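Written below as structure tokens is the structure these notes are about.
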2 protein chains.
Amino acid sequence: MTEIKKYSISEAAEKVHLTAHTLRYYDKEGLLPFVNRTENGIRCFSESDLETLELINCLKATGMPIKDIKRFMDWCVEGDTKLEERYQLFLERRESVLKQISELLETLERIEHKCWYYKTAVEAGTIDIHKSDRMNRLKQKNG
Amino acid sequence: MTEIKKYSISEAAEKVHLTAHTLRYYDKEGLLPFVNRTENGIRCFSESDLETLELINCLKATGMPIKDIKRFMDWCVEGDTKLEERYQLFLERRESVLKQISELLETLERIEHKCWYYKTAVEAGTIDIHKSDRMNRLKQKNG
DNA sequence: ATATCATTTAAAGTTAACTCTAAGTCAAGT
DNA sequence: ACTTGACTTAGAGTTAACTTTAAATGATAT
């Protein structure tokens with residue numbers, strides 16, 4: 001027999017590294033349609049609700065806005081009729097994350113160039129050590 | 001003799017893929033202390049100013065907030081006395097970008113798992129094909 | 001000369017995602 | 001009985017980074 005654990009809003013918040021305030025905000029925005037209540041109206045979170053919250057965190061980590069996550073949760077409520085839409089959503093998220101990574105790799109190169117630029121400048125005690133950089137670049141370019 | 005080109009605010013904006021409004025906002029926030037004006041108070045952007053804007057775009061791409069970029073520009077105005085601080089800033093940016101990339105790679109793995117999950121569900125026409133996933137995972141875990 | 005742009009400033013408005021406050025209910029401990 | 005602490009709601013406030021507006025000045029074309 002599987003024991004079914006339930007969590008209060010603050011326990012759930014701690015588990016998924018959010019605040020109870022934020023969970024209520026997500027609920028209000030329609031991100032948590034599956035969370036049950038006691039007869040007194042108090043939310044009780046199941047393990048499955050925690051998994052949903054982990055998924056929400058994951059989608060947020062891809063840069064997805066709350067209202068788009070809400071649309072996804074609406075599809076989840078609709079069940080198997082929206083499977084294709086949900087699949088497409090994750091394919092799009094995948095593309096988005098790949099693009100973000102490639103942009104960050106490009107940014108990383110520029111930052112690393114600046115690290116070298118300032119490392120040499122700090123060693124020389126002045127930025128003037130790079131004063132002719134542009135001229136050198138132009139010379140190389142124009143033969 | 002090098003020809004010194006100058007750009008109006010809207011020309012500069014187009015070059016760096018921002019709007020003239022945004023450039024004025026950046027100027028107001030202290031991000032563009034080097035931009036000169038005509039006798040009538042009109043900004044004219046040099047090639048070097050465009051490079052500064054590219055750098056600002058690069059720092060923003062690392063997730064750096066405007067006020068931190070302003071502090072960096074303040075250090076630039078102060079010249080060689082703040083070389084060490086500027087160097088440290090880029091080292092920190094480097095670490096930050098590396099961290100973001102590794103987090104996105106982790107997120108990518110989760111998303112790709114969901115892609116597989118929904119691909120198989122779409123093929124089966126129902127999510128029920130994964131109904132026993134958790135049980136299987138538990139079985140594996142507990143021997 | 002007149003119309004049409006582009007530019008200037010100061011300041012108000014927008015959006016997302018919280019974050020906090022007020023006012024109240026409920027269960028447990030002393 | 002009373003305090004403490006967690007929970008509830010509705011709604012106001014916050015922050016960053018723009019974005020738009022208003023009112024005025026300056027530059028260009030016909």
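Keep in mind that this is a model prediction, so the values were computed, not measured. Proteins come first, then strands; the chains are lettered A, B, ... in the order of their sequence lines, and each starts at number 1.
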Practice problem: Please check if atom CD in B/Glu29 has more than 12 non-hydrogen atoms from other residues, nucleotides or ligands closer than 6.0 Å. | Solution: yes
If you measure from the Lys or Arg side-chain nitrogens to the Asp or Glu carboxylate oxygens, is any gap between [X] and [Y] under 4.0 Å?
{"X": "B/Lys5", "Y": "B/Glu47", "value": "no"}
{"X": "A/Asp27", "Y": "A/Arg37", "value": "yes"}
{"X": "A/Glu106", "Y": "A/Arg110", "value": "yes"}
{"X": "B/Glu123", "Y": "B/Lys119", "value": "yes"}

Value in whole Å for how far the [atom2] atom of [N] lies from [atom1] of [X]:
{"X": "A/His21", "N": "D/dT9", "atom1": "NE2", "atom2": "P", "answer": "13 Å"}
{"X": "A/Leu23", "N": "D/dT8", "atom1": "CG", "atom2": "P", "answer": "10 Å"}
{"X": "A/Glu29", "N": "C/dT19", "atom1": "CD", "atom2": "P", "answer": "14 Å"}
{"X": "B/Asp27", "N": "D/dA17", "atom1": "CG", "atom2": "C1'", "answer": "16 Å"}

Who passes ring-ring contact (aromatic ring centres under 6.0 Å, His included) against [X], sequence neighbours left out?
{"X": "A/Tyr118", "value": "B/Phe90"}
{"X": "A/His113", "value": "A/Trp116"}
{"X": "A/Tyr117", "value": "A/His130"}

Distances under 3.5 Å between protein N/O atoms and the N/O atoms of nucleotides 14-18 of chain C, please, pair by pair.
unit_1, atom_1, unit_2, atom_2, d
C/dA16, OP1, A/Lys67, NZ, 3.0
C/dA17, OP2, A/Ile66, N, 3.1
C/dC18, OP1, A/Lys60, NZ, 3.4
C/dC18, OP2, A/Tyr26, OH, 2.8
C/dC18, OP2, A/Lys60, NZ, 3.3

Quiz prompt | B/Arg94 side-chain N/O to A/Ile111 backbone N/O, donor-acceptor pair under 3.5 Å | solution = no
Quiz item: Is there a donor-acceptor contact under 3.5 Å from the side chain of B/Asn36 to the main chain of B/Phe45?
Solution: no
Protein N or O to nucleotides 27-29 of chain C N or O, pairs below 3.5 Å:
unit_1, atom_1, unit_2, atom_2, d
C/dA27, OP1, A/Asn40, ND2, 3.1

Quiz item: Would you say D/dT9 has OP1 or OP2 under 4.0 Å from some side-chain N or O of A/Arg37?
Solution: yes
Quiz prompt | Separation of A/Glu11 CD from A/Lys6 NZ (nearest 0.5 Å) | solution = 12.5 Å
Please enumerate all protein N or O atoms sitting under 3.5 Å from an N or O of nucleotides 5-7 of chain D, with distances to 0.1 Å.
unit_1, atom_1, unit_2, atom_2, d
D/dC7, OP1, A/Ser8, OG, 2.8
D/dC7, OP1, A/Ser10, N, 3.3
D/dC7, OP1, A/Ser10, OG, 2.7
D/dC7, OP2, A/Ser10, OG, 2.9

